[in-house]
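Here is the structure we will look at, set down as structure tokens.
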Amino acid sequence: MTWHETIEYIQKNPEFAEIVANTYILPELGVNVERFRHSAEFQETLRLIRHYCPLPNPYLLDIGAGNGIASIAFALEGFRVVALEPDPSPMVGSGAIKTLVAIYELSNVQIVEAFGEELPFENQTFDIVYGRQVMHHAHHLPKFLAEAARVLLSKGLLFTTRDHVIKDAYDKQIFLKKHPLHGFYGGENAFRLTEYREAFAKASMQILEDLSPSQSVINYDPWNKKRLADLIGNKIGRTFATQQWLVDIGWQALMFRQERLSGKLYSFIARKE
């Protein structure tokens, strides 16, 4: 299957309803944007970007923009945005972004169909390069980061979120086998943490923060203690779900598990040296 065909299939299959909702790939494009825009993940992303890049209307490149949830969310916050997405799909690609730009009547979003390893932009163009769940898909990781660094202004910010990290080749096979969608379209990937760090260094990017799975809500959202309490309530009764000590223990266990998953999620904030 293609990525478009995979999403079309899981949108119609109740078995994947939670995945579809949690990954912002509902058929209703505007609903995806609003849910993502108000998510804990995006609000924390905004906070960190504004901390490290306190500009009034920054120029941001969204690499691998997908169905446009982040591009539109940033544009609604006043960013000038270039949404880079090679897939023309009207559901999960540049076609979806064009629809959203029209829905929100935005004039500060430009759509470009290209890949991250071959960016069609001049050197030192952007204040920020952002990529959500995209860097681990790079066909050539060092080239991907070198291109991101090339188009950044001096001291520009690179922010990549929710990228899969594996320990070794065996761990990668476990991750690919367990991934709920890889069996359909075969496009998942992951790198070792040292590979990411070495590629950043090779691209002359200084890592300011590399956030492990439990370090930031960017990685573990949509999980939170309320959702965990609801799960406890459904499993063993509402009385237990009101016990804060039980929820706290459950949260610690969940975060412990997140840190040890095959293909666990990391986010990276780096500055061009």
Side-chain angles (χ1 to χ4, degrees), residues 3 23-24 36 41-42 44-45 48-49 52-53 60-71 73-74 81-87 92-93 112-121 126-152 156-167 171-172 175-176 179 181-182 185-213 215-216 218-221 258 261-273:
W3 179 235
T23 54
Y24 307 104
F36 178 72
E41 175 195 340
F42 183 64
E44 178 63 4
T45 297
L48 288 167
I49 284 179
Y52 286 109
C53 186
L60 179 144
L61 171 63
D62 181 8
I63 296 183
N67 64 359
I69 55 170
S71 293
F74 281 119
V81 177
V82 173
L84 188 90
E85 175 51 54
D87 188 341
V92 287
V112 176
E113 294 184 2
F115 288 92
E117 287 90 347
E118 297 286 348
L119 296 177
F121 310 110
F126 299 97
D127 300 304
I128 303 162
V129 172
Y130 169 84
R132 180 180 186 269
Q133 299 184 162
V134 64
M135 182 168 61
H136 60 270
H137 290 289
H139 298 296
H140 191 284
L141 182 60
K143 188 174 183 181
F144 177 94
L145 285 170
E147 277 290 274
R150 180 183 65 78
V151 301
L152 273 172
L157 195 70
L158 174 62
F159 198 161
T160 67
T161 70
R162 299 172 69 93
D163 280 304
H164 292 293
V165 170
I166 40 91
K167 292 180 291 187
D171 194 40
K172 182 176 179 178
F175 159 64
L176 294 178
H179 193 283
L181 302 184
H182 181 70
Y185 82 110
E188 284 303 321
N189 192 25
F191 295 98
R192 291 179 288 111
L193 188 55
T194 54
E195 290 180 282
Y196 286 115
R197 288 172 174 165
E198 288 168 1
F200 274 105
K202 189 174 181 179
S204 298
M205 300 291 298
Q206 177 193 3
I207 295 177
L208 304 175
E209 296 192 46
D210 53 0
L211 302 167
S212 73
Q215 276 185 287
S216 176
I218 292 172
N219 297 323
Y220 59 73
D221 191 46
Q258 294 296 313
L261 281 175
S262 298
K264 57 191 176 183
L265 296 177
Y266 263 73
S267 295
F268 301 88
I269 307 172
R271 193 179 300 283
K272 182 176 179 179
E273 294 179 349

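All residue numbers in this chain count up from 1 along the given sequence.
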- Between NZ of Lys272 and CG of Leu157, what distance do you get to the nearest 0.5 Å? 12.5 Å
- For the atom pair CG (Asn189) and NE2 (His182), what is the distance rounded to the nearest 0.5 Å? 8.5 Å
- Message: Just checking Phe42 against Phe74, ring centres under 6.0 Å apart?
- Response: yes
- Is the backbone of Gly187 close enough, under 3.5 Å, to the side chain of His137 for a donor and an acceptor to pair up by distance? yes
- Smallest separation among heavy atoms of Glu85 and Ala65, with atom names: OE1-N, 3.4 Å
- Message: Nearest 0.5 Å, please: how far is CG in Leu48 from CG in Leu208?
- Response: 10.5 Å
- Query: From Leu141 CG over to Glu198 CD, what is the distance, rounded to the nearest 0.5 angstrom?
  - Reply: 10.0 Å
- Item | From CZ (Arg132) to CD (Glu41), nearest 0.5 Å | 4.0 Å
- Query: What is the minimum heavy-atom distance between Leu119 and Ala148, and which atoms define it?
  - Reply: CD1-N, 4.0 Å
- Please work out whether the ring planes of Tyr196 and Phe268 are parallel, tilted or perpendicular, with thresholds of 30° and 60°. tilted
- Looking only at heavy atoms, what is the nearest atom pair of Phe126 and Val82, with distance? CE2-CG2, 3.7 Å
- Task: Using atom types as modelled and distance alone, determine if a side-chain donor or acceptor of Asn67 lies under 3.5 Å from a backbone N or O of Tyr24.
- Result: yes
- Item | side-chain contact (heavy atoms from CB on, under 4.5 Å) partner of Ser71, the single match among Val81, Leu60, Leu61 | Val81
- Query: Would you say the side-chain atoms of Glu118 pair up with the backbone N or O of Phe115, donor to acceptor, closer than 3.5 Å?
  - Reply: no
- Taking the side chain from Arg271 and the backbone from Gly156, do they hold a donor-acceptor pair closer than 3.5 Å? no
- Query: Of the non-hydrogen atoms in Pro213 and Tyr220, which two are nearest, and what is the gap between them?
  - Reply: O-CD2, 3.4 Å
- State, to 0.1 Å, how close Lys143 and Glu117 come at their nearest heavy-atom pair, and which atoms those are. CE-O, 3.3 Å
- Message: Return the CG to CD distance between Leu211 and Glu44, rounded to the nearest 0.5 Å.
- Response: 8.0 Å
- Item | Shortest non-hydrogen contact from Asn219 toward Ser267 | OD1-OG, 2.7 Å
- Query: Within a strict 4.5 Å, meaning less than it, do heavy atoms of the Val112 and Phe121 side chains meet?
  - Reply: yes
- Task: Hey, can you tell me if His164 and Phe175 have their rings parallel, tilted or perpendicular (30° and 60° cut-offs)?
- Result: tilted
